[in-house]
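Down below is the structure, laid out as structure tokens.
All figures in this text were calculated on a predicted structure; none of them were measured in a lab. Chain identifiers are assigned alphabetically (A, B, ...) following the order of the sequence lines, protein sequences preceding nucleic acid strands; residue numbering begins at 1 within each chain.
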Amino acid sequence: MLYREVGQYKTSYAADMAVFPILQDRIGIGVILLVAFVVIPLTGNDFLLNAVLIPFLIFSLAAIGLNLLTGYTGLLSLGTGAFMGVGAYACLKLTTYFPQVNIIVWILASGFFSAAVGVLFGLPSLRIKGFYLAVATLAAQFFLEWCFIRIPWLYNYAISGAIEVPKRTLAGIALTGPTATASTRYVVVLGIVVLLTWVASNLVHGRIGRMWMAVRDMDLAAELVGIRLLPTKLLAFAVSSFYCGVAGAMMVFLWYGGAEANVFAIDQSFLILFMVIIGGLGTLIGSFFGAALIYILPIVLRWVPEAFGLPLHPATVEHLQFLILGVLIIVFLVVEPSGLARLWQIGKQKLRVWPFPY
Amino acid sequence: MHLLYQIFVDPFVQMGAAPDLLAQTLWDGLVAGVLYALIALGFVLIFKASGVFNFAQGIMVVFAALTLVGLHEHGVPAFLALGLTIVVMFVLAFGVERLMLRPLVNQSDVILFMATFGLTYILIGLGQLIFGGNPKVMIANELYLPSGEMRFKGLGGFVSFQKIDIAAVIIASLMVAVLAVFFQRTRIGRALRAVADSHQAALSVGISLEQIWVIVWFAAGVVALTTGIMWGARSEVSFSLQIIALKALPVLILGGLTSIPGAIVGGLIIGIGEKLGEFYWGPLLGGGIETWFAYVIALGFLVFRPQGLFGEKIIERI
């Protein structure tokens with residue numbers, strides 16, 4: 001009923017190409033942002049912020065990063081976890097050497113280090129593609145993981161071999177470290193994610209995004225119409241790794257508050273790939289849906305047996321989780337291979353013409 | 001200068017100085033390579049026939065071995081358990097075809113790849129639920145696999161061979177020979193090759209794709225079971241095997257995704273290269289380079305030959 005675009009005329013090209021062409025969508029996104037920025041920090045409890053929303057936002061950002069590479073440019077990568085790790089370690093080194101500079105600046109700057117490493121490991125992408133490339137990116141994953149463990153300089157020679165997040169403040173309010181409150185960290189994470197999502201949206205709707213998509217759809221044809229493949233593919237690797245790096249830095253500094261190299265292991269790469277594919281390749285909103293589903297689903301699954309009062313052993317619950325997640329992945333792929341973003345679109349289309357079928 | 005000496009001269013001097021150690025390292029590499037090749041073989045079988053990059057091959061190895069050991073623990077005689085495990089692998093192949101491949105037919109590669117991830121999770125969950133997450137001991141003695149070691153004097157020292165390793169090499173070679181005969185000489189083998197060449201042409205001459213898929217997944221399951229037994233007998237049956245199975249991926253791209261000889265040669269190159277690298281060059285870098293050395297070999301190789309050693313030449317047309 002409410003979701004009708006009757007009477008909303010598009011009078012210019014810009015209006016026709018707008019990201020949110022429908023008024024109701026614009027209102028909706030405004031309400032979501034308002035709730036996210038104002039209502040949740042004021043009312044949310046620590047569990048909701050710490051265990052659900054902060055990780056959800058961080059994973060969404062990483063998923064957007066991978067989506068730019070895999071969904072928009074068509075280059076399959078299994079090294080996401082390692083690129084996140086580069087961001088985290090770069091951020092630690094930067095803030096160790098220059099503690100007076102604000103940590104938010106360093107979190108964003110650490111993305112550039114990750115981007116540089118991404119470009120380096122993206123070089124083979126000119127020659128190889130598809131699964132060959134995916135395996136080639138595994139080289140990055142395992143090599144970087146080895147570096148995180150074997151080079152003590154990276155973790156400041158800490159005896160534990162883990163990143164220990166120092167306390168950093170902004171105008172007297174602790175942003176990182178053990179004293180930072182969940183709501184402060186949440187607001188910082190949310191701000192960065194919203195900013196970078198906005199940048200990504202502009203990238204993919206502009207010339208660069210169209211170049212990426214041309215390369216994805218057919219790289220030979222793209223080359224023939226004058227797109228230079230190597231710079232385009234490397235740019236995709238750079239931007240994607242930048243996003244992953246920032247997500248990694250946030251993960252350690254604003255969520256875990258300390259981490260070992262194993263959080264950047266290959267499982268993490270796979271998890272983010274799940275999010276991208278389940279959410280929808282080549283859609284930004286799909287990255288959020290995918291992150292929500294893959295991250296929040298296990299939390300829900302953990303609660304279900306308790307809610308029904310089933311006396312299950314915790315280990316059994318964990319095994320069941322694997323089983324159910326696997327079944328769900330296949331079911332989702334069978335029902336809608338284009339991902340949750342496509343379901344969302346279909347739902348919106350249905351709403352527009354409701355109660356008529358078309 | 002000193003570093004260059006350490007990289008380019010010193011390891012070879014060491015090799016020359018202790019030929020027995022070199023022979024031992026080569027043998028260890030060969031055995032590891034055979035096992036990588038076996039896992040890669042399972043991948044190649046499925047990739048050729050259905051175009052699916054089967055990520056679940058590693059967990060299929062674990063699952064097959066676990067089923068075998070688990071059945072035996074419940075009092076089933078060893079060889080009956082072996083037979084039952086083969087039946088289980090057939091049921092798995094059948095189920096995968098019915099519930100996963102058939103609804104997803106004609107989807108893009110990455111979707112099918114993703115679906116095998118789902119399968120991986122299901123098998124991990126099932127395996128842990130039924131057999132528990134603890135490592136198990138392979139029933140090597142009950143299956144009449146040899147144990148102990150043989151030592152040979154020579155090359156200025158001793159070289160020792162584990163009997164199980166020798167058995168692994170022999171069984172792997174036998175299996176490859178059987179598969180080769182199966183592919184070249186039998187009716188089903190010809191059908192499999194036809195499907196590998198072109199799905200549509202195969203369909204048009206009356207080959208049932210569904211049937212072929214069940215057969216290749218079953219064949220991959222049997223290969224997985226063999227790998228599981230061998231590997232389990234060398235160490236133990238645990239879920240960490242699945243991570244080691246990732247090592248089969250550089251083998252695959254080195255040999256070419258669609259080539260069975262490629263999987264074997266690639267496996268041997270990676271296995272031997274990795275052991276030599278770890279033994280002679282590893283200390284220079286602080287050790288543990290086994291985890292990524294194989295990938296770097298494969299990566300360097302791919303830059304010059306993108307389709308791998310024996311892969312079909314990639315021809316692109318607009």
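Taking the side chain as every heavy atom from C-beta outward, A:V327 and B:Y121 never approach each other to under 4.5 Å. You'll find the side chain of B:I122 reaches within 4.5 Å of the side chain of A:I330, heavy atoms only.
At a 4.5 Å heavy-atom cutoff, B:A298 makes no contact with chain A through either its backbone or its side chain. Within the 4.5 angstrom heavy-atom criterion, only side-chain atoms of A:L76, from C-beta onward, approach chain B. Of the two parts of B:Q107, only the side chain, counted from C-beta on, holds a non-hydrogen atom closer than 4.5 Å to a non-hydrogen atom of chain A. Only the side chain of A:I329 comes within less than 4.5 Å of a heavy atom in chain B; its backbone stays farther off. Heavy atoms closer than 4.5 Å to chain B are found in the side chain of A:I277, but not in its backbone. There is no contact between A:L123 and chain B, counting heavy-atom distances below 4.5 Å. Of the atoms belonging to A:I266, it is side-chain heavy atoms, and not backbone ones, that fall under 4.5 Å from chain B. Contacts between A:F332 and chain B at a heavy-atom distance below 4.5 Å are absent for every atom of the residue.
Here the OG1-OH distance, from A:T137 to B:Y295, works out to 9.5 Å after rounding to the nearest 0.5 Å. Taken to the nearest 0.5 Å, the CD1 atom of B:I124 stands 10.5 Å off from the NE2 atom of A:H319. With rounding to the nearest 0.5 angstrom, the CH2 atom of B:W292 is 5.0 Å from the CZ atom of A:F143. Rounded to the nearest 0.5 Å, atoms CD (B:Q128) and CZ (A:F322) are 6.0 Å apart. If you take CZ on A:F270 and OG1 on B:T120, they are separated by 8.5 Å, rounding to the nearest 0.5 Å.
Annotation: maximal heavy-atom pairing with chain A below 4.5 Å, among B:L112, B:L104, B:L252, occurs at B:L104.
Other residues, nucleotides and ligands contribute over 12 non-hydrogen atoms within 6.0 Å of the CZ atom of B:R102. Residue B:F94 qualifies as open at atom CZ: its count of foreign heavy atoms under 6.0 Å is 12 or below. No more than 12 heavy atoms of other residues, nucleotides or ligands lie within 6.0 Å of CZ in A:F113, so this atom counts as exposed by the packing criterion.
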Next item on the list: Start with the C-alpha distance between B:F113 and A:L273, add both sets of side-chain angles, then the distance that settles side-chain contact (heavy atoms from CB on, under 4.5 Å), and finish with yes or no.
Entry: CA-CA 11 Å; B:F113 175 53; A:L273 187 66; 4.2 Å; yes
Check: Step by step, would you call A:F142 with B:F293 a ring-ring contact (aromatic ring centres under 6.0 Å, His included)?
Finding: CA-CA 9 Å; A:F142 286 111; B:F293 197 68; over 10 Å; no
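Pairing each heavy atom of A:L323 with each of B:L126, the nearest pair is CD1-CG, 3.8 Å.
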